[in-house]
Amino acid sequence: MIDIDRIKLRRLDFTVLLVFLGLLRHRKATAVAAEMGLTQSSISHALRRLRDVFGDELFLRRPHGFEPTAVALALEPTVRRVVEDLSDALAGPPSFVPASFDGMVRIGAFDNELTTLLPPLISLAGAEAPGMRISARSVVRKAALDALAGGDLELALGYFRHLGPDDFAETLYEETFLVVGRGDDPAMLRGLTLESYAAARHVIMSPVGDLSGAVDTALAALGARRTVVAALPLFFPVFAAVAETGCLATVPRLLAARYAPTFGLVTAEPPVSVPGFAISAVRHRRDARNPLHDWLVGHLRAVVARYQR
């Protein structure tokens, strides 16, 4: 594009283009002024700019109004398309139509969210968006946010301590804890007390193998401690270990409510106050108004609501 074209483009604006289309439609300046809420002087000024930019009279004055020139008639389809495209842009991104979507959605999460949120989301997608394929990666926190920034994920799910300026987070729910144990465990049958809880053997989930966590910090504040006999990197092995050994495990509430019965386990409130945490859906700022992401987050909220009934 040469410099003179840039100069001409800067002299055009949306109002001038709307005046052009209005004169083609009505052929009278008074009608265009009334339709657009402008003065006739403004219409005349816009027409002068149009004539100067396009180097043509565009509209010839006649007793009955304005007659478009051949150049004006030739320009109409292009100008109309520009106005329509800009109008579409101002209306925001196109709506997401699940039934016609055909593509991959990439989600980063860790064990808890992969187990509780992803299976129901896959089911909902199968019913409403059969062309959607969901690819989940086991990534958390900084690694997940880095993948979002790099365009490798659509959403990151989980607990995030720190977010960057380009991270757009929406809280899905506030997570708390339940204790899972075997139904024949006397401590679970009688109701857990601080003493019986501390005296029990425990299995914990730790991706890095730590044998202590938030529960131990809370117990220490009360002058108590527990015995952790194993740390496993995923929750399902923790559930399986509890079912096999009779140990206790303190796990996220949604996970326990959904899967404890699958392993033949029962649940109880922990006898110690353990701080909860927020589970969020995080997207990059570039996708803050993306209707696909809105659909995903809305359905994740529906999944949580179903659990919490």
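Residues take their numbers from the sequence shown, with the count starting at 1. Keep in mind that the numbers below use all heavy atoms, side chains included, and drop hydrogens, waters and symmetry copies.
- Using a 3.5 Å distance cut-off with no hydrogens or angles, the side chains of T39 and S42 do pair a donor with an acceptor.
- Contact annotation: the side chain of R301 approaches that of L172 to within less than 4.5 Å [non-hydrogen atoms, C-beta and beyond].
- Listed by first then second residue, pairs satisfying ring-ring contact (aromatic ring centres under 6.0 Å, His included) with a partner in residues 188-232 read Y197-H202, not counting sequence neighbours.
- The aromatic rings of F177 and F277 lie tilted to each other, with the angle between the two planes from 30° to 60°.
- No more than 12 heavy-atom neighbours from other residues, nucleotides or ligands sit within 6.0 angstrom of CZ on R225.
- Ring geometry for F20 versus F54: interplanar angle of 30 to 60°, hence tilted.
- Put simply, the side chain of R51 gets close to the backbone of F59: a donor and an acceptor are under 3.5 Å apart.
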Problem set entry | Audit row: S196, T193, side chain to side chain donor-acceptor pair (under 3.5 Å) steps and yes/no | CA-CA 5 Å; S196 64; T193 65; 3.1 Å; yes
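- In this structure the side chain of T171 never reaches within 4.5 angstrom of the side chain of I279, judged on heavy atoms.
- For H162, the NE2 atom counts as loosely surrounded, since its 6.0 Å shell holds 12 or fewer non-hydrogen atoms of other residues, nucleotides or ligands.
- With a 6.0 Å radius and a threshold of 12 heavy atoms from other residues, nucleotides or ligands, E244 has its CD atom at or below the threshold.
- If you check the side chains of E35 and H26, you find a donor sitting under 3.5 Å from an acceptor.
- Of the listed residues (D166, D294, D167, N290), just one forms a side chain to side chain donor-acceptor pair (under 3.5 Å) with R283, and that residue is D294.
- In this structure the side chain of F168 never reaches within 4.5 angstrom of the side chain of V282, judged on heavy atoms.
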Exercise. What do the steps show when you test H284 against R286 for side chain to side chain donor-acceptor pair (under 3.5 Å), and what is the final call?
Worked result: CA-CA 5 Å; H284 194 272; R286 63 175 168 265; 3.2 Å; yes
For this session: Decide side chain to side chain donor-acceptor pair (under 3.5 Å) for T227 and R201; before the verdict, give the C-alpha distance in whole Å, the side-chain angles of both, and the deciding distance to 0.1 Å.
Result: CA-CA 5 Å; T227 299; R201 289 155 56 88; over 6 Å; no
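- Its side chain within the 4.5 Å cluster rule, L265 clusters with F110, V140, V180, V203, M205, V229, L232, F235, F236, V238, F239, V242, V251, L255, Y259, F263 among the Ile, Leu, Val, Met, Phe, Trp and Tyr residues.
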